[in-house]
Amino acid sequence: MMDGTSATAATTTGYNFAYLDEQTKRMIRRAILKAVAVPGYQVPFASREMPLPYGWGTGGIQVTASIIGQADVLKVIDQGADDTTNAVSIRKFFGRTTGVATTERTIEATIVQTRHRVPETKLRDDQIIVYQVPVPEPLRWLEPREAETRKMHALSEYGPMHVKLYEDIARYGRVTTAYDYPVMVDGRYLMRPSPIPKFDNPKLDMCPALQLFGAGREKRIYAVPPYTSVKSLDFEDHPFTIESWDEACAICGSTESFLDEVITDDKGGRMFVCSDTDYCGERRKESGDEPA
Amino acid sequence: MSRLDLADVSPIAEEAPLLDVQGLTKLYGGRVGCEDVSFQLWPGEVLGVVGESGSGKTTLLNCLAARLEPTSGTIHYRMRDGEMADIFALSEPRRRLLTRTDWGFVHQNPRDGLRLSVSAGANVGERLMAVGARHYGAIRAAATDWLDKVEIETQRIDDLPRDFSGGMQQRLQIARNLVSNPRLVFMDEPTGGLDVSVQARLLDLLRGLVRDLGLAAVIVTHDLGVARLLAHRLMVMRGGEVVESGLTDQVLDDPQHPYTQLLASAILQA
């Protein structure tokens with residue numbers, strides 16, 4: 001997969017394959033290797049300026065750029081959808097700078113770059129999922145000093161993290177953190193799973209695919225290797241739970257996927273639909289209800 | 001009075017001291033924070049450190065509590081397994097664990113010792129969670145129990161400390177420290193900034209807690225009244241040095257050093 005050494009396939013000339021120069025890719029690959037070797041540990045890397053603003057996925061793009069090869073098939077999703085601005089822009093970016101095939105189907109992809117969701121379709125061990133991370137440090141809310149949070153990670157001082165959960169339960173009767181829900185990776189490092197809904201947290205646990213996390217502005221890369229335990233924090237008497245809905249997807253009828261509420265008019269009309277557009281479309285195809 | 005004499009008359013004599021400090025010196029560049037301080041503290045004993053502002057009391061306390069690294073000298077602490085451990089030779093994780101479980105530190109300003117943005121219950125429960133308590137109900141029960149012990153109404157468990165009065169904040173800070181059943185508590189001017197009636201209640205509470213829990217404590221104060229009420233023994237500091245030490249009543253009623261005499265005579269006679 002890591003054979004991106006030539007610029008021959010690029011459809012936009014003047015740039016190296018996948019935009020980044022080879023030295024930068026090597027630097028990022030080294031960070032990725034270290035991240036894989038120490039699951040959940042945030043590896044600093046020399047994040048580059050990208051032709052996209054921070055917050056648009058510069059970390060994820062750099063990770064993808066350094067692992068993508070000519071034989072890869074790329075899928076990019078944003079909030080579960082393949083057709084949102086962010087996803088379209090990034091897919092087009094890699095299309096122009098690498099010429100690799102892109103897809104909207106999860107099963108066809110070898111690399112999935114994502115923001116805010118994990119695909120509903122179960123990932124395989126020949127796939128890599130790349131997350132875009134805005135804030136990598138789970139302890140930041142309680143400790144503003146980087147030196148101190150690193151020390152807390154080094155010494156596994158994660159007790160104060162439960163103070164936050166305690167506070168939620170004391171105030172609202174349940175843990176109200178709904179996205180970016182902190183997890184313990186391999187029983188050692190506390191990690192932010194990026195702003196995915198906590199609905200997706202169980203998918204990270206023992207996932208067959210390699211999971212890479214890139215934070216461009218904060219200059220950190222971390223990873224969860226295949227088949228690694230990822231446990232969401234909780235209390236014994238308030239176990240971790242995921243969201244559930246009373247309704248099924250209005251389009252495909254799924255009761256197992258993450259649903260978005262869509263407002264349909266200004267008279268209180270609304271519907272619930274799968275946030276994963278590929279999953280929803282595939283289900284309709286299977287049931288013979290082909291989209292027009 | 002020599003240290004040996006002190007050991008003999010210590011109110012609670014045990015075979016080994018809890019804290020053994022030898023030749024502790026802290027220099028800030030060329031300036032002296034505290035110089036050549038030696039003493040021993042026995043389990044259940046309360047040591048008062050008095051002196052004027054800038055006499056090195058707080059520097060000494062911060063060194064003792066492993067919050068500042070001394071320039072020279074040693075501090076040995078008797079761990080729960082009986083081993084006398086050199087505090088600064090312990091590995092950092094062990095030292096941090098020790099300061100969070102077996103020790104407490106009560107700041108003069110409760111805002112330094114509390115998390116103001118989380119509720120009183122979470123403040124008290126933090127130490128429990130830090131050592132692995134993962135049962136919400138049990139943590140809450142312990143927090144409720146401790147709020148009651150420090151005379152804070154238990155229905156205020158979910159209120160933020162910033163909505164508490166100064167005296168309540170100070171009591172909350174004490175509960176937050178004592179919840180892990182420490183054996184040694186460091187207090188820096190615990191009654192500073194409180195009015196006299198609130199001070200009296202806090203002193204009452206502290207005296208009761210120290211007696212009931214068998215706590216050892218080092219209390220830094222410039223208030224000799226506080227020292228007389230709480231401390232079994234006193235160390236008088238001036239210019240970074242200990243100028244006199246002994247039993248509290250002895251030091252205050254029969255001061256030997258001119259500076260102590262001055263201090264003692266400055267108390268308003270009732």
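Chain A is the first sequence line, chain B the second, and so forth, proteins listed ahead of strands; every chain is numbered from 1.
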### Message
For chain A, which candidate among A138(B), A130(B), S117(B) shows the most heavy-atom pairs at distances under 4.5 Å?
### Response
A130(B)
### Query
Roughly how far, to the nearest 0.5 Å, is the CD1 atom of I139(B) from the NE2 atom of H162(A)?
7.5 Å
### Message
Do E92(B) and K151(A) have side chains that approach each other closer than 4.5 Å (heavy atoms only, starting at C-beta)?
### Response
yes
### Summary
Tightest non-hydrogen contact, residues R115(B) and L142(A), listed as NH1-O, 3.7 Å
### Task
Please check if the side chain of D237(A) supplies one atom and the backbone of G137(B) the other of a donor-acceptor pair under 3.5 Å.
yes
### Query
Counting heavy atoms not belonging to Q155(B), are there more than 12 under 6.0 Å from its CD?
yes
### Task
Please say whether more than 12 non-hydrogen atoms of neighbouring residues, nucleotides or ligands are located less than 6.0 Å from CZ in R31(B).
no
### Task
Evaluate whether atom CZ of R111(B) has more than 12 neighbouring non-hydrogen atoms of other residues, nucleotides or ligands under 6.0 angstrom away.
no
### Message
A quick test of your reading: do over 12 heavy atoms of other residues, nucleotides or ligands sit less than 6.0 Å from NZ of K34(A)?
### Response
no
### Task
Decide yes or no for L160(B) and E167(A): does some side-chain heavy atom of the first lie under 4.5 Å from some side-chain heavy atom of the second?
yes
### Query
Does any heavy atom of chain A fall under 4.5 Å from the side chain of I157(B), the backbone, both, or neither of them?
side chain
### Over 12 foreign heavy atoms within 6.0 Å of CG, D246(A)
no
### Task
Identify which part of H238(A) has an atom lying under 4.5 Å from any heavy atom of chain B, answering side chain, backbone, both or neither.
side chain
### Query
Non-hydrogen atoms of chain B under 4.5 Å away: do they reach the side chain of I169(A), the backbone, both or neither?
both
### Query
Just wondering, more than 12 heavy atoms not from Y28(B) lying within 6.0 Å of its OH?
yes
#### Entry: Nearest heavy atoms of A170(A) and R140(B), plus distance in Å
CB-NH1, 3.8 Å
## Note on the structure
Ranking R100(B), R127(B), H135(B), E126(B) by heavy-atom pairs under 4.5 Å to chain A gives rank one to H135(B)
### Query
Is any side-chain heavy atom of D158(B) closer than 4.5 Å to a side-chain heavy atom of R171(A)?
no
#### Entry: Over 12 non-hydrogen atoms of neighbours within 6.0 angstrom of OH in Y179(A)
no
### Query
Counting heavy atoms not belonging to R26(A), are there more than 12 under 6.0 Å from its CZ?
no
### Heavy-atom closest contact (Y166(A) atom, S119(B) atom, distance)
CE2-OG, 3.9 Å
### Query
Would M129(B) and Y158(A) satisfy side-chain contact (heavy atoms from CB on, under 4.5 Å), going step by step from the backbone distance to the final call?
CA-CA 9 Å; M129(B) 293 183 245; Y158(A) 295 141; over 6 Å; no
### Message
Between V163(A), L233(A), D234(A), L165(A), who has the most heavy-atom pairs with chain B when the cutoff is under 4.5 Å?
### Response
V163(A)
